[in-house]
Amino acid sequence: TVKSGAPMGPKHEETLEFAPTYEYLVLEPVTGDLAQSEPPMTLVAAGYSGKSALKGGKNASGGLVKNQAHWLQQLTSSSRTGSHWGGTIIGIVDDEHYLLVRQDNNVWRYGGTECTLEEPGFRENGLARITLVIPIADAELVERLNSEGFKSKLVGVSAYVRLKRQDGVEGFILPDNLPTHEIRVESVESGGGYTNTGWAQIVANLDGSQIKPYATAGHRGDLACGEHGWFSVTGGLATVQACRWTGRTPSVSVELATHKVVQSGNTVQLVSETLYKGVPSDLRENFVQYHQAIFAASAKARDYHCRGLHYAQ
């Protein structure tokens, strides 16, 4: 029995009646010749969850990516406010008839014998970017650059310029008649751990050593799993991303990449190269100079609601 009516107006009682329905699945063991000729099937339950960022922090999401199962049923639920939700995907699978389920950055494959990591997803956007820095500049120069379509600002006596692209030209265009300048690669350390998941990015020099950030988040604002330090270097830098989900093995996967500036005439490019993608424990003697950065990224992805830097001078 519920009360209905207009907001701030009179109410009346209504009786709502529901006819519950149930769906049953009967599983019978396969015996005899059929058991020898048919691949084994498995009943699996793949869970996922989601979270909105309405009150700050970061989003989390998951769901069904691909359904090749013999049979599937999806159960869902959500909080009263809608800021949290989740589901369980129940299916009958074998190695040829499988499910792909995503939780945050990872896609998991549910087959007949085991659950495996199908694709460790990593964030491609915002990892690194090019910025033009003019150490000695004035307001007149900044105004000229802005009139030419470059986004620039004056900080002290230095100008920071966001380069622009031009149709038909690969890379970014440099302004004409520039005074002494530097082309820098910028990136940010960010992320942290959630209850069952985590994502983090660590920034390092090209040789794997720590960099001193030009700015940090300090103690301002909502820092949980946010951005914690900003870095800017000439030539290039390396980033390490780590994705974590405690419910599966391996629980953490990482991606190591370098980002370098390549200049040709009045155009510059940021060339990114993935050096390693996989489980940190499989590195052994490979990429030794990056081991500290890689394990720092793994630790940050486990750090529940991380609020500070893990790898910086």
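Here, residue 1 is the first one in the sequence, and each next residue gets the next number.
Contact check for P179 versus I136: no side-chain heavy atoms found under the 4.5 Å cut-off. Residues I173 and T267 form a side-chain contact, since some pair of their non-hydrogen atoms from C-beta on lies under 4.5 Å apart. The shortest distance between side-chain heavy atoms of E189 and F231 falls below 4.5 Å. You'll find the side chain of Y276 reaches within 4.5 Å of the side chain of V254, heavy atoms only. Counting heavy atoms from C-beta on, the side chains of I134 and L145 come closer than 4.5 Å. Looking at W230 and P213, their side chains never come closer than 4.5 Å, going by heavy atoms from C-beta outward. In this structure, the side chains of L72 and L64 come closer than 4.5 Å at one or more pairs of heavy atoms. In this structure, L174 and L163 have side chains that are in contact, with non-hydrogen atoms separated by less than 4.5 Å.
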Before you tell me yes or no, could you show the steps for L283 and L256 under side-chain contact (heavy atoms from CB on, under 4.5 Å), namely the whole-Å CA-CA distance, both residues' side-chain angles and the distance that decides it to 0.1 Å? CA-CA 11 Å; L283 281 166; L256 166 64; over 6 Å; no
Applying side-chain contact (heavy atoms from CB on, under 4.5 Å) to V268 and L132, what does each step give before you reach the verdict? CA-CA 10 Å; V268 293; L132 173 67; over 6 Å; no
Run the numbers on H259 and S187 for side-chain contact (heavy atoms from CB on, under 4.5 Å), then give the verdict. CA-CA 10 Å; H259 312 274; S187 192; over 6 Å; no
Determine, step by step, whether I90 and L25 satisfy the side-chain contact (heavy atoms from CB on, under 4.5 Å) criterion, reporting the C-alpha distance in whole Å, the side-chain angles of both residues, the deciding distance to 0.1 Å, and the verdict. CA-CA 11 Å; I90 303 173; L25 175 69; 5.9 Å; no
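Note that CZ of R129 and CZ of F172 are 10.5 Å apart. Values are rounded to the nearest 0.5 Å. With values rounded to the nearest 0.5 angstrom, Y160 atom OH is found 9.0 Å from E182 atom CD. In this structure, the separation between NE2 on H310 and CZ on R302 is 11.0 Å, given to the nearest 0.5 Å. Distance OH/Y48 to CD/Q74: 4.0 Å, rounded to 0.5 Å. Annotation: the span from L127 atom CG to E186 atom CD amounts to 14.0 Å, rounded to 0.5 Å. To the nearest 0.5 angstrom, T239 atom OG1 is 7.0 Å from E255 atom CD.
With hydrophobic clusters built from ILVMFWY side chains whose heavy atoms lie under 4.5 angstrom apart, I294 shares a cluster with L275. A single hydrophobic cluster is not seen to contain both F295 and I202; linkage of ILVMFWY side chains at heavy-atom distances under 4.5 Å, directly or through other members, places them apart. V261 and V203 fall within the same hydrophobic cluster, where Ile, Leu, Val, Met, Phe, Trp and Tyr residues are linked whenever their side-chain heavy atoms come under 4.5 Å apart, directly or through other members. Both M41 and W71 belong to a common hydrophobic cluster when Ile, Leu, Val, Met, Phe, Trp and Tyr are linked at side-chain heavy-atom distances under 4.5 angstrom. Taking hydrophobic clusters as Ile, Leu, Val, Met, Phe, Trp and Tyr residues chained together by side-chain heavy-atom distances below 4.5 Å, L75 shares a cluster with L27.
Under the 3.5 Å distance criterion, the side-chain polar atoms of H70 are left unmatched by any main-chain donor or acceptor of G91. Side-chain N or O atoms of K153 include none that pairs as donor or acceptor with a backbone N or O of V142 at under 3.5 Å. Here the side chain of Q201 pairs a donor or acceptor atom with the backbone of V188 at under 3.5 angstrom. Here the side chain of R102 pairs no donor or acceptor atom with the backbone of L100 at under 3.5 angstrom. A donor-acceptor pair is defined here as one N or O able to donate and one able to accept, closer than 3.5 Å; no such pair exists between the side chain of S190 and the backbone of E227. With N205 contributing its side chain and D207 its backbone, the two residues share no donor-acceptor pair below 3.5 Å. The closest donor-acceptor contact from the side chain of H305 to the backbone of L223 lies at 3.5 Å or more, if one exists at all. Of the possible polar contacts, one joining the D95 side chain to the G112 backbone as a donor-acceptor pair under 3.5 Å is found.
For the residue pair W199 / Q241, a side-chain donor-acceptor distance below 3.5 Å is found, with atom types taken as modelled.
Across all non-hydrogen atoms, the minimal contact from H181 to L178 is ND1-CB, 3.8 Å. In plain terms, the two heavy atoms of K212 and Q313 that are nearest each other are CB-OE1, 3.4 Å. Closest heavy-atom contact between V161 and T131: O-CG2, 3.6 Å. Annotation for C306 and K300: closest pair SG-NZ, 3.2 Å, computed over non-hydrogen atoms. Smallest separation of non-hydrogen atoms from A200 and A297: CB-O, 3.7 Å. Residues T88 and A45 come closest through the heavy atom pair CG2-CB, 3.9 Å.
Within a 6.0 Å radius of CD in Q292, no more than 12 heavy atoms belonging to other residues, nucleotides or ligands are found. Within a 6.0 Å radius of CD in E143, other residues, nucleotides and ligands contribute 12 heavy atoms or fewer.
Between S4 and the choices E14, K11, E13, the side-chain hydrogen bond (donor to acceptor under 3.5 Å, both in side chains) rule is met once, by E14. Test L237, L206, V185 against K260 for side chain to side chain contact (heavy atoms under 4.5 Å, CB included) and you get one pass: L206.
Ring geometry for Y290 versus F287: interplanar angle of 30 to 60°, hence tilted.
Under the side-chain contact (heavy atoms from CB on, under 4.5 Å) criterion, Y304 pairs with T195, sequence neighbours left out.
A salt bridge is absent between E140 and R144; no separation between the charged side-chain nitrogens and carboxylate oxygens falls under 4.0 Å.
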